[in-house]
Amino acid sequence: YIYQYDDAIAATAVPACRLILLNRDYQDLLNRSPMSNHHLPASLVYRGERIHHLAGLRYRGSPYLRRDQITGSRKGVRVRLSREDPLMESVRITLDEQEVDSTIQNDRLVRHLLQKAGGVPYGDRRHVHLIFRGVSQGTYEQVLTVDPHYLKRSFGDDDDRGDLYKLDAHYEIDDRGEFPFPAFTSWKYTENKEDLRFTYKKRTRAKEDDFTGLMSLLDLMDTSRTTNEAFEEQAPALLDLDLFVKGIAVYRAVEDWDAIGGWTGKNVYLYHHPDGRWRFIPWDHDVSFGAAALQADQNPRAYLYTPYFPE
């Protein structure tokens, strides 16, 4: 177990999240490659009320965000808790440094708009005061992990049995720790699951290694394989169109280029609900509201064809 004497940092209205690790492990964290996903032994103290021992800690985020020239020492952190000692029913704690958005409000405002649109699930987020080895790191966001517990909360007690994927970019890192421009989600059909596993990352039922449901979705979304007329006929059975239309409409309104319907086509979870239709769960909107130039497409069927955006 890892303990620390009181750091004497005064409590504020924002709940404190303290991370504790031994000096040798802290030096390891500083000196090893920032791309390492190996967890180092740690303890987490939440709100000064509860301590979680036998935890693990590492940096989180894409290779772009883990570079010192982008974030300096203030990096995002992923904490893994023991299954016997979860926090808010989760064993994966995400602490986001929000390096793009200095206001730390973009995500919250987009979430509000998605909620006002109606029926769009969105992970809970809360501000926390991160104190790392007795030193204040300022305000971070604690992001609720999208996992089976989240699916039950969003879709009902019996609705966590489907396939969950996270859409992300695929980076290949060379010996110097550098990487070329990443490959983004293409929404193109393929019969080879090896072409899918790095940009469509399985988050449930991973041991089954079954991508056939995803392939059926991509067959529908690929404009080179399914005509607009066929899409209009088949889509209601495979997509929760109301959810997709509302979500993408908000994305376009807030100029989020780092999501589906934007330049990268990522930062979203796709969930194949047991009723057979695909839902999506929004994730990470810190580059919205003109933070970068908006670029169109990265599929969702640009944008789900008529009649769902009527004249």
Side-chain angles (χ1 to χ4, degrees), residues 62 119-121 146 151 162-172 180-206 208-253 255-285 293-311:
S62 71
V120 182
V146 178
L151 297 176
D163 286 308
L164 178 70
Y165 296 87
K166 185 181 181 184
L167 275 62
D168 212 335
H170 172 48
Y171 293 86
E172 294 187 3
F181 200 72
F184 294 124
T185 309
S186 69
W187 293 87
K188 296 293 186 182
Y189 173 79
T190 177
E191 294 180 351
N192 183 3
K193 62 186 178 184
E194 300 305 323
D195 295 334
L196 300 174
R197 65 172 73 253
F198 290 109
T199 48
Y200 299 88
K201 300 176 181 179
K202 287 183 74 74
R203 290 294 187 253
T204 59
R205 305 172 63 181
E208 298 177 20
D209 202 33
D210 182 3
F211 288 77
T212 54
L214 178 62
M215 292 174 185
S216 296
L217 172 65
L218 296 178
D219 188 31
L220 174 72
M221 301 298 280
D222 191 338
T223 55
S224 69
R225 292 180 59 87
T226 303
T227 65
N228 285 338
E229 293 73 21
F231 177 84
E232 183 174 339
E233 178 182 350
Q234 299 171 30
L238 284 177
L239 299 173
D240 185 332
L241 285 167
D242 183 67
L243 176 63
F244 271 82
V245 168
K246 288 175 178 177
I248 293 173
V250 171
Y251 286 178
R252 304 298 292 170
E255 298 185 310
D256 189 348
W257 57 268
D258 200 22
I260 60 170
W263 174 42
T264 64
K266 65 184 187 73
N267 278 334
V268 71
Y269 286 84
L270 290 177
Y271 180 52
H272 198 190
H273 194 280
D275 70 4
R277 295 190 303 161
W278 288 85
R279 273 77 163 167
F280 83 93
I281 301 169
W283 179 264
D284 191 7
H285 300 290
L294 180 67
Q295 301 188 46
D297 205 332
Q298 281 301 355
N299 204 304
R301 200 69 198 207
Y303 295 102
L304 301 180
Y305 191 50
T306 59
Y308 303 104
F309 282 117
E311 296 292 336

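Computed over heavy atoms, backbone and side chain alike; hydrogens, waters and symmetry mates excluded.
With sequence neighbours left out, the salt bridge (Lys or Arg N to Asp or Glu O under 4.0 Å) criterion links Glu208 to Arg205. Partners of Glu194 according to the side-chain contact (heavy atoms from CB on, under 4.5 Å) rule, which considers only residues two or more places apart in sequence or in another chain, are Asn192, Arg197. With sequence neighbours excluded, the residues satisfying side-chain contact (heavy atoms from CB on, under 4.5 Å) with Gln234 are Leu220, Ala230. Contacts of Lys201 classified as side-chain contact (heavy atoms from CB on, under 4.5 Å), with partners at least two apart in sequence or in another chain: Asp168, Arg203. In this structure, the salt bridge (Lys or Arg N to Asp or Glu O under 4.0 Å) partners of Asp242, at least two apart in sequence or on a different chain, are Lys246. Listed by chain and residue number, Asp163 satisfy the salt bridge (Lys or Arg N to Asp or Glu O under 4.0 Å) test with Lys202 (two or more places apart in sequence, or in another chain). Remark: Ser216 engages no residue in a side-chain contact (heavy atoms from CB on, under 4.5 Å) (not counting sequence neighbours).
Considering only heavy atoms from C-beta on, Leu196 comes within 4.5 Å of Leu218 through its side chain. Looking only at side-chain heavy atoms (C-beta outward), Leu151 and Tyr269 stay at 4.5 Å or farther from each other. Val146 places none of its side-chain heavy atoms less than 4.5 Å from the side chain of Pro121.
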Which donor-acceptor pairs under 3.5 Å do side chains of residues 274-283 form with protein atoms, sequence neighbours excluded?
| unit_1 | atom_1 | unit_2 | atom_2 | d |
| --- | --- | --- | --- | --- |
| Asp275 | OD1 | His273 | ND1 | 3.3 |
| Asp275 | OD1 | Arg277 | N | 2.8 |
| Asp275 | OD1 | Arg279 | NH1 | 2.9 |
| Asp275 | OD2 | Arg279 | NH1 | 2.9 |
| Asp275 | OD2 | Arg279 | NH2 | 3.0 |
| Arg279 | NH1 | Arg277 | O | 3.4 |

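When all heavy atoms of Tyr165 and Asp210 are compared, the pair lying nearest together is OH-O, 3.4 Å. Nearest heavy-atom pair across Tyr189 and Met215 is CD1-O, 3.3 Å.
Results of the side-chain contact (heavy atoms from CB on, under 4.5 Å) test with Phe231 over Asp222, Leu239, Thr223 single out Leu239 as the only residue that passes.
Within the model, atoms OG1 of Thr199 and NZ of Lys188 stand 13.5 Å from one another, a figure rounded to the nearest 0.5 Å.
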Q: For side chain to side chain contact (heavy atoms under 4.5 Å, CB included), just list the numbers for Tyr200 and Leu217, CA-CA rounded to whole Å, side-chain angles, deciding distance to a tenth of an Å, and then say yes or no.
A: CA-CA 12 Å; Tyr200 299 88; Leu217 172 65; over 6 Å; no
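A donor-acceptor pair under 3.5 Å is formed between the side chain of Tyr271 and the backbone N or O of Gly162.
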